[in-house]
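A quick note: this is a predicted structure, and the numbers were derived from the prediction, not measured. Within every chain, numbering begins at 1; the chains are lettered A, B, ... in the order of the sequence lines, protein sequences first and strands thereafter.
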Number of protein chains: 2
Amino acid sequence: MPGVAHTETRFDRRLAEILEYAIEVFYERGYEGASMRDLSRATGMSLAGLYYYFESKERLLYLIQKHTFKTIVQRLKERLKDANQPEQRIRVFILNHLEYFLSNQKAMKVLSHEDDALKNGFGAEIAAIKREYYHTCLDLMDEFKAAKGLEFNSRIAVLSLFGMMNWIYTWYKPRVDADASELARDMGDIFLRGICTGGQRGTRRKV
Amino acid sequence: MPGVAHTETRFDRRLAEILEYAIEVFYERGYEGASMRDLSRATGMSLAGLYYYFESKERLLYLIQKHTFKTIVQRLKERLKDANQPEQRIRVFILNHLEYFLSNQKAMKVLSHEDDALKNGFGAEIAAIKREYYHTCLDLMDEFKAAKGLEFNSRIAVLSLFGMMNWIYTWYKPRVDADASELARDMGDIFLRGICTGGQRGTRRKV
DNA sequence: CTAATATTAGAACGAACGTTCGAACTATGG
DNA sequence: CCATAGTTCGAACGTTCGTTCTAATATTAG
């Protein structure tokens, strides 16, 4: 698209502001539980005025989820360029995820918790980004396996790792818990040691 | 309470049936997204008829969550009686959680996903059961640490474990993934190896 | 300053929400 | 078979929902 992306318009800035409020509202009350009137109150804008910026509540959630997810994926790609060793690459993945998660905790809850709230087209697009993100992690896991000569179920490993990380939104308290880098180290330790078998290869306890 | 629990009345049986349908509906559409009319349709009972069995939609969610949670806690207590070694006790915890989770996947999603949907009194009671369950696991972790002479953050360990296990409701497919016992073994392996440090005690890499 | 354009707001739409009421059923014990 | 208690229902209540219409107000360009 030539000659399109030049200046950020007033419209774009205002929309971005509204999205921030919407994240807050969805975080607090959930997508279904939040009403457009809640958002109207939060932004100080009239109910009708909001619809100048997006066409529906569902589209609003879509915009939030897409922007959040695209950002985390893009940051990951950049960071992975600088990492070569398989273990380090997995640690980069964990750190990137947790750093973004904790810096944007509310948006990440809206992304994780309202996973299947979007229907049809909207839902499909977000699901595609999610699948790409999942596969990136799966590939890292397979690299690691090959390099170390390990055998384990990559699917279970990746999904367990996502569980450890995404569950954070249910318990993390900034005043109590460590910051992202320390958390990433701890979870990375647990996970990486966890997927390394004791040394035997291709063996299964008890048959 | 002497002389209370005798026969299961028709009322009790019908209520239990309705709760099953409610689990299905809440699972499918979420607590906020599900309407009493959805439940009416699912049960084949009239909208007004439902209110003969419970006084509000919120109370309905409470009944589901309480029964589900109480059952899983009770089963755990019985199973822990037969386990003595710290490692085995943690494995029992994991197996109990996953077995119940997969046998009652829909109810467990309603429990996990609608964590903060209940207000005030209802919410407080469920939160208390949850806290008890959490502390049981925390104690198991501390037993394990003491027995093995390990040092790690028990809070992070327990919450990571819960994350691994509870996240299942977002991805588990019976036709694709292994059953509870195999899953419990895999996750148990990852977790238990994960929390065992390489042997050094009280050391911290890099400072 | 004026005319065009971008942005906001008041008021209302029909639909769906959780819940209630009184009447009508159905089962049960005398 | 009747009376009583237990169970179900149609119809409606008042409220809130997401969304839209039209008109009014800011902003900007000429």
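- Here A:Arg10 does not reach the OP1 or OP2 of D:dA26: none of its side-chain N or O atoms lies under 4.0 Å away.
- The line from CE of B:Met108 to CD1 of B:Ile23 is 11.0 Å long, rounded to the nearest 0.5 Å.
- Look at A:Ser35 and you won't find any side-chain N or O under 4.0 angstrom from OP1 or OP2 of D:dT16.
- Distance B:Leu61 CG to C:dG18 C1': 15 Å, rounded to the nearest Å.
- Checked by atom type, the side-chain pair B:Tyr31/A:Glu32 shows no donor-acceptor distance below 3.5 Å.
- Residues A:Ala48 and A:Gly33 both approach DNA chain D. Their nearest nucleotides, taken by heavy-atom distance, put A:Gly33 toward the 5′ side.
- Contact annotation for B:Arg37: base contact, defined as any heavy-atom pair under 4.0 Å involving a base atom.
- Dashed line: the shortest gap from a side-chain N or O of B:Arg14 to OP1 or OP2 of D:dG6 is not under 4.0 Å.
- Residues B:Ser112 and B:Asn166 bring no donor and acceptor atom of their side chains to less than 3.5 Å of each other.
- In this structure, the CD atom of A:Glu58 is 18 Å from the P atom of D:dC17, given to the nearest Å.
- We find that CZ of A:Phe11 is positioned 16 Å from P of D:dT28, with the value rounded to whole Å.
- Distance OH (B:Tyr53) to P (D:dG6): 12 Å, rounded to an integer number of Å.
- A straight line from CD of A:Glu32 to C1' of D:dT16 spans 14 Å, rounded to a whole angstrom.
- Counting to the nearest Å, the C1' atom of C:dC17 and the CG atom of B:Asp38 are 11 Å from each other.
- Atom P of nucleotide C:dC17 and atom CE of B:Met36 are separated by 11 Å, given to the nearest angstrom.
- The CG-P distance, from B:Leu39 to D:dC9, rounds to 12 Å in whole Å.
- A:Thr170 contributes atom OG1, which lies 9.5 Å from atom CH2 of B:Trp167 (distance to the nearest 0.5 angstrom).
- A:Phe54 comes within 4.0 angstrom of nothing in the nucleic acid, heavy atoms only.
- Each of B:Arg41, B:Lys106, B:Arg29 was compared with B:Glu24 under the salt bridge (Lys or Arg N to Asp or Glu O under 4.0 Å) criterion, and only B:Lys106 meets it.
- Nearest to the side chain of A:Lys57, among D:dT19, C:dT7, D:dT8, sits D:dT19.
- Place B:Leu47 and A:Met45 on DNA chain C by their nearest nucleotides, and A:Met45 ends up nearer the 5' end.
- Using a 4.0 Å cut-off, no side-chain N or O of A:Tyr51 falls inside it from OP1 or OP2 of D:dC21.
- For C:dT7, the OP1/OP2 oxygens have a side-chain nitrogen or oxygen of A:Tyr52 closer than 4.0 Å.
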